[in-house]
Amino acid sequence: MPELPEVETVVRGLRASLPGRTILDVRLGRTDFIDDPVALGEQLPGSRILGVTRLGKFIAIDLVPGGTASHTSERLFLIIHLGMTGQLMTRLASDPVPPHTHVFFGLDDGRELRYTDVRRFGRILLVPESKIGMFRERLGAEPLEITLKEFCARFSSRGARVKALLLDQGILRGVGNIYADESLFRARIHPARIARKLTQTQLARLHQSVRTILTTAIRLRGSSVSDYVDSDGNRGEFQLRHRVYQREGKPCVRCREKIRRVIVAGRSSHFCPRCQPAPRVRKVQRRVNKS
DNA sequence: AGCTCTTCCTGAAAGC
DNA sequence: TGCTTTCAGGAAGAGC
């Protein structure tokens, strides 16, 4: 599923071929995941693409309005979240259309930017430049930019499980289930540990592990475990390097113990019980029946 | 306030 | 074999 490395790979692909193009038209299929579908058709045709950037797991396409709205409108950001099964690809308008393709942006070079999403957990919205600051403020820090000091500040005061905090987009933006589990394994921290009980050494290890895992995953163009493909339709390769994610019952690469899966923060969490020791639980007094 | 659980959706895979 | 059930997950919203 698309997390930071996958979204970064898509963004790099789009950045290579979209800037300078003009959106000619917008065609919509199902729209229940689009904040304001009417606005897409009204505001996008005629607009020119300036650039493509990533904000956490969001793709931001920077546009200059050029259509009927150009005399009033400021710059605009087309924001796309891929959810779980979303795919954003450029194709020739004449290419066959895969099922569950719900949005088509016709371009001035004979191609289309297409959004396909089986489960429609994704999201599409338009944000005017004047409000992009507000949008950005609700997101946490970029995991590849945050300093150790700031990282510790965001974790060491919290009573939630470390896994829940890694997934919280208001703390770090871009980490999802795969990279949370892989980072925790690398840092040798159990996903159910309470964040404020982690030592400085453990937090430092986690900070560095998140960076290492994400950087490596970007280099391998993301993890393709189900539907993920990049903007050219190619799969990633980081799934071949997964140490715990979806490896339940298989031997730990470090100690051979069987990888386990438990639910933490409502999410499947994969870990090695030997390398990532469980948090100490106050033993419940067990009353022994004496008679 | 802070944290966890539930809900949305579909198709693949497991279960019977 | 074929039908039914379960499971996956991002993030909003409900619940505790």
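Keep in mind it's a predicted model, so treat the numbers as computed, not measured. The sequence lines fix the lettering, A, B, ..., with proteins before strands; numbering per chain opens at 1.
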Contact class for [X] vs. all strands (heavy atom < 4.0 Å): base, sugar-phosphate, or nothing?
X	value
S268(A)	sugar-phosphate
R261(A)	sugar-phosphate
F58(A)	nothing
G159(A)	sugar-phosphate

Atom [atom1] of [X] and atom [atom2] of [N]: how far apart are they, to the nearest Å?
X	N	atom1	atom2	answer
F33(A)	dG9(C)	CZ	C1'	17 Å
L166(A)	dC3(B)	CG	C1'	15 Å
R119(A)	dA12(C)	CZ	P	19 Å
L82(A)	dA11(C)	CG	C1'	14 Å
K163(A)	dT4(B)	NZ	P	13 Å
L167(A)	dT6(B)	CG	P	17 Å
R123(A)	dT7(B)	CZ	P	21 Å
R196(A)	dA1(B)	CZ	C1'	13 Å

Could you check I263(A) against V118(A) and say which one's nearest nucleotide on DNA chain B is further toward the 5' end?
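On the 5' side of the pair lies I263(A).
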Could R173(A) and F58(A) be counted as a cation-pi pair, given that NZ or CZ must be under 6.0 Å from the ring centre and within 45° of the axis?
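Output no; distance or angle outside limits.
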R27(A) NZ/CZ over F104(A) ring centroid, <6.0 Å and within 45° of normal
yes
Any carboxylate oxygen within less than 4.0 angstrom of a Lys/Arg side-chain nitrogen, looking at R54(A) and E142(A)?
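Looking at R54(A) and E142(A), the cut-off is met.
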Check the phosphate of [N] against [X], side-chain N and O only, distance under 4.0 Å to OP1 or OP2. Yes or no?
X	N	result
R120(A)	dG9(C)	no
R267(A)	dG10(C)	yes
H100(A)	dG11(B)	yes
R158(A)	dC3(B)	yes
Y245(A)	dA8(C)	no
R161(A)	dT4(B)	yes

F121(A) over dG10(C), stacked by centroid distance under 5.5 Å, angle under 30°
yes
Centroid separation F238(A) to Y179(A) less than 6.0 Å
yes
Of T85(A) and R138(A), whose closest DNA chain C nucleotide lies nearer the 5' terminus?
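The residue mapped nearer the 5' terminus is T85(A).
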With no hydrogens and no angle check, just 3.5 Å: does a side-chain donor-acceptor pair link Q43(A) and S47(A)?
no
Will you find, in the side chains of T85(A) and R119(A), an N or O donor that is under 3.5 Å from an N or O acceptor?
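Short answer, no.
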